[in-house]
Every structure is written in C-alpha cells, then in structure tokens.
J.: 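Handing you this structure, nothing more for now.
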Amino acid sequence: MIQYKLQKGSFGDVVAVTIIGQNISIPLDPDNTDYQQYLAWLAEGNTPEPAGA
Amino acid sequence: MTLTTVNAGMLDTQAQYNGFKNRIINGAMVNDQRNAGASGTASTYTVDRWGYFGSQASKGTWQQSAGAVTPPSGFINYLGFTSSSAYSVLTTDQFYLYQRIEGLNTADLSFGSASAAYVTLSFWVRSSLTGTFGGFLTNSASNRTYPFSYTISVANTWEQKTVSVAGDTTGTWLTTSGIGIGVGFNLGTGATYSATANAWTASAFVTAPTGATSVVGTNGATFYITGVQLEKGSTATSFDYRPYGTELALCQRYFISYGGTTQYERIAVGVCNTTTTASCMTFLPVPMRTTPTLAHTATWGVYEGSNVYTVTSIVVDHPTPLVFNASYTVASGLTANRVANVLANNSTAARLQLSAEL
C-alpha cells in the first residue's frame with residue numbers, strides 16, 4: 001500500500017508529499033491528479049509521515 | 001468564374017481548419033516521451049496522452065508501432081496492443097486505451113446543454129481479429145457515456161472508421177482544466193461495464209458496447225490504431241496534421257521528460273542553500289495544465305563550480321505550471337550561496353519527468 005510523507009521546502013513550509021519508496025514528489029495543488037489521490041487517501045483515514053521524520 | 005453555389009456544410013468544414021480542429025492530441029502517435037518506443041504492460045501512459053488500463057495485470061503489451069507493420073498511408077506511427085493470453089474477461093473486467101481531453105479544449109461543444117454539438121470520431125484501426133469492436137466517449141465522472149461500435153471486416157488490414165455522435169444534452173461536462181471528454185477504445189470488457197451501443201447511458205464507468213470483440217480473449221491478438229481525430233460536426237474531415245513542434249508542445253502541457261540526450265545534460269539552475277541542498281529552477285517550454293508531479297530516476301548531480309555531487313533526493317519546492325523549482329539533496333560537500341546547476345551525472349539513463357496529466 002502506498003505511504004506518503006510530507007516534505008518541507010526551502011522556506012521551511014510544507015510544500016509537497018512524497019511517495020515513500022518511490023522517487024515521486026507531489027505538489028500541493030488541488031488540480032494535480034496525484035494530489036487528488038493523496039487527498040482521497042487522507043479521506044480514508046490514513047496519516048502521512050510528518051516532514052523531517 | 002462566377003460562384004453560384006455555396007455549400008453550408010463545406011463552409012463549416014473549412015472554418016474548422018482555422019482552429020484546433022482535432023481535439024485529440026498526438027492522434028498520430030508520433031510522440032512517445034515516456035517510453036521512446038519501448039513496450040510496457042502496466043496500466044499507465046503509453047505514447048504521449050494515451051493511457052492503457054487493464055483491470056488484470058499482464059494481459060497484454062502496448063508499444064508505439066508494435067509489430068512494425070506499415071502504417072496507413074500518411075502516417076509513420078501507431079499505438080499497438082498485443083494480447084499475451086487467451087483471457088476470458090470477468091463481469092467487472094475492463095481493458096482499454098484512452099485519452100482524456102481537457103475541458104478547456106471541448107467547452108465549445110456545449111455538452112450537457114440543449115445546444116450540444118455533434119462530434120465525429122475518426123481513426124485508422126487494424127487487428128488480427130474481425131468482428132464488432134467498440135469504444136466510448138465519457139464525461140469526467142464517467143456517469144454519462146456513449147459506447148460506440150464499429151466493424152473490422154478484414155484481418156491484419158488498416159481500415160478507417162468514422163463514428164458520429166449527437167452530443168449529450170444532459171449530465172455534467174467540465175469546461176475547465178479538468179477532464180472534458182474521455183475517449184477510449186475497448187480491448188475487452190465484462191458485462192458490468194458494457195451497455196447498448198450507440199446511445200448515451202448513465203450507467204457508471206461503461207467502456208464498451210455489449211458484445212464487443214475482446215482482444216485480450218485471444219492469445220497473440222493484435223490491435224493497432226492511429227490517425228485518431230475527434231472533431232466538431234457530423235462529418236469526418238481529413239486528419240489534422242499539425243507541425244511536429246506544435247504537437248510536441250501540446251503534449252508537454254501534460255508531460256515533459258528531461259534526460260537522455262547527453263551524459264551531462266543540464267536541466268536546472270539555482271543556488272546552494274546549505275551544504276546538502278540546492279534550490280534550482282527549470283523554465284518549462286510550455287505552461288503545464290497544473291503544477292506537475294515529479295518522478296525521477298538516477299543519476300543526477302549538483303554542480304557548483306568545482307565538483308559534481310550526486311543527488312540523493314528531489315522534492316518539488318514552490319513550483320508553478322511554468323517554472324519548475326525543486327530542492328536537490330546531496331550527502332554533503334556543497335558550499336552555501338554558490339550558484340548551482342543540476343545535470344545528469346555521467347548518465348544517459350537519468351530521467352526527470354513532470355506530469356500534469358488528467
């Protein structure tokens with residue numbers, strides 16, 4: 001099952017989610033279909049790993 | 001010469017030549033940024049803009065110009081699918097090739113209103129099988145679908161097909177940067193997702209007309225397609241050949257691939273923030289549909305004037321649809337505040353791919 005991790009950017013704010021174990025980085029853009037899938041994953045009650053963990 | 005008769009139909013046809021006649025992008029299957037002609041079996045994008053979906057894994061192989069047959073006259077590429085087994089579809093199975101057209105490119109068709117326009121789908125198809133085949137037009141929610149049928153009469157022979165459809169006057173059809181119209185070609189669908197041919201249906205996720213030929217049902221069966229055009233109006237016109245650069249730029253609104261040209265291909269420039277990270281930007285050739293997702297394969301490096309440091313991770317960092325910015329992390333060695341650029345680290349296998357697909 002896919003697991004996500006939050007990621008911080010240059011200015012210390014959360015700017016992306018990455019898919020753990022894959023070299024994929026997803027911007028927090030509601031029109032991005034990968035981000036939409038992440039939101040659906042969240043809606044199922046899942047929790048991403050925090051940034052910096 | 002005196003002009004005595006004006007054919008209204010011709011006027012309509014000619015008018016379409018002045019605009020974006022073919023709503024399908026890469027209908028001639030010439031651009032294959034992701035795979036560069038390599039084959040695949042996964043449910044993912046094949047040639048640019050064209051996806052494959054299979055509800056069961058490994059039932060077939062897709063590839064640009066699979067089988068290396070001669071394309072129909074006027075074309076140099078096609079998208080091919082080859083069945084890898086004699087699979088009997090389950091009632092809920094679906095196998096198809098598809099393209100999702102952005103709503104901004106279909107808004108003038110007025111689907112979902114009383115003034116919905118006719119559209120005509122035309123394409124060249126070739127299969128080792130004969131019989132009744134099918135495909136579909138659908139909306140973003142897949143709850144308004146037109147499963148269409150067509151006949152392939154002769155095996156292993158290119159045939160051009162035309163399907164005219166009275167636009168849907170009901171349902172929700174997006175006119176935004178979301179999915180406007182989905183177009184698909186069936187390769188095998190079970191009863192649950194099949195419906196009466198050539199009529200609009202509200203049944204969910206329909207991808208084939210009832211009784212359509214199942215390509216995945218015959219081991220080694222082939223299905224090749226090219227010259228796909230979806231245009232406004234009830235008459236098919238000649239294929240809309242666009243300049244190669246134009247077609248590539250249209251594809252790049254949804255997907256861009258960097259890497260593979262030289263072993264030290266440079267793709268981004270910026271600054272070292274710390275001894276382990278550099279923030280670098282890439283000016284994209286066209287504005288993408290949305291802020292893109294990044295996927296990358298090794299090996300990339302950060303060059304800061306004296307050495308190249310191997311990139312261990314890349315994270316998007318305040319990108320936009322026009323300027324892609326990311327944080328490139330290395331193990332150590334960078335000098336803060338130095339100018340940095342990102343380059344393939346002695347590798348033609350490195351890829352950095354941006355996706356804003358629908």
Side-chain angles (χ1 to χ4, degrees), chain A, chain B residues 45 51 100 102-104 140 174 176-179 253-255 259 270-274 276-281 287-300 311-321 323-329 336 340 350-358:
Chain A
M1 182 181 176
I2 285 180
Q3 293 289 327
Y4 293 93
K5 179 178 181 179
L6 300 174
Q7 296 286 349
K8 291 182 178 177
S10 302
F11 305 111
D13 52 339
V14 173
V15 294
V17 290
T18 52
I19 300 178
I20 296 173
Q22 302 181 35
N23 293 321
I24 294 175
S25 181
I26 303 166
L28 310 184
D29 184 330
D31 290 330
N32 180 297
T33 53
D34 296 308
Y35 185 62
Q36 291 168 0
Q37 290 179 15
Y38 166 71
L39 294 178
W41 180 83
L42 277 184
E44 292 171 357
N46 297 297
T47 303
E49 286 192 14
Chain B
Y45 281 91
R100 294 170 177 149
E102 187 173 344
L104 292 170
S140 62
L174 300 184
T176 65
S177 61
I179 300 169
R253 178 168 171 77
Y254 307 91
F255 184 84
V271 64
C272 300
N273 311 69
T274 69
T276 58
T277 63
S279 180
C280 297
M281 67 181 79
M288 300 192 77
R289 184 189 67 84
T290 184
T291 311
T293 294
L294 160 73
H296 67 96
T297 56
T299 302
W300 292 99
V311 170
T312 56
S313 70
I314 309 174
V315 174
V316 298
D317 185 2
H318 296 288
T320 72
V323 180
F324 179 77
N325 196 74
S327 287
Y328 297 81
T329 299
R351 293 290 183 278
L352 188 146
Q353 299 183 323
L354 307 178
S355 175
E357 291 285 2
L358 288 156

J.: Looking only at heavy atoms, which of residues 17-24 of chain A get nearer than 4.5 Å to chain B?
T.: A/Thr18, A/Asn23, A/Ile24
J.: Listed by chain and number, what are the side-chain contact (heavy atoms from CB on, under 4.5 Å) partners of B/Glu357, not counting sequence neighbours?
T.: B/Arg34, B/Tyr45, B/Arg49, B/Tyr254, B/Phe255, B/Ser355
J.: For each of B/Ser279, B/Gly178, B/Pro292, tally heavy-atom pairs with chain A at distances under 4.5 Å, and name the one with the top tally.
T.: B/Pro292
J.: Can you tell me how far the OG1 atom of B/Thr291 sits from the CG atom of B/Asn325, to the nearest 0.5 Å?
T.: 12.0 Å
J.: What's the spacing between B/Met288 CE and A/Asp31 CG if we round to 0.5 Å?
T.: 13.5 Å
J.: Can you give me every donor-acceptor pair (side chain of residues 35-42 of chain A, partner residue at least two apart or in another chain, under 3.5 Å) with its distance?
T.:
| from | atom 1 | to | atom 2 | distance (Å) |
| --- | --- | --- | --- | --- |
| A/Gln36 | NE2 | A/Pro30 | O | 2.9 |
| A/Trp41 | NE1 | A/Ile2 | O | 3.3 |

J.: Please list, in residue-number order, every residue in residues 313-321 of chain B that has a heavy atom less than 4.5 Å from any heavy atom of chain A; write 'none' if there are none.
T.: B/Ile314, B/Val315, B/Val316, B/Asp317, B/His318, B/Pro319
J.: Can you tell which part of B/Ser327 gets under 4.5 Å to a heavy atom of chain A, answering side chain, backbone, both or neither?
T.: side chain
J.: Return the OG1 to CD distance between B/Thr290 and B/Glu102, rounded to the nearest 0.5 Å.
T.: 9.5 Å
J.: Within this structure, what is the CG-CD1 distance for the pair A/Asn32 and A/Ile26, rounded to the nearest 0.5 Å?
T.: 7.0 Å
J.: Rounded to the nearest 0.5 Å, how far apart are CG of B/Leu354 and NE2 of B/His296?
T.: 11.5 Å
J.: Identify the two heavy atoms, one from B/Arg100 and one from B/Leu358, that lie closest to each other, and give their separation to 0.1 Å.
T.: NH1-O, 3.1 Å
J.: Report yes or no: does B/Arg289 contribute a side-chain atom to a donor-acceptor pair with the main-chain N or O of B/Ala356 at less than 3.5 Å?
T.: yes
J.: For B/Gly270 and B/Cys280, work out which heavy atoms get closest and say how close.
T.: N-SG, 3.7 Å
J.: Among A/Gly9, A/Pro27, A/Ser25, single out the residue with the greatest number of heavy-atom pairs under 4.5 Å to chain B.
T.: A/Ser25
J.: Measure the spacing between SG of B/Cys272 and OH of B/Tyr328 and express it to the nearest 0.5 Å.
T.: 13.0 Å
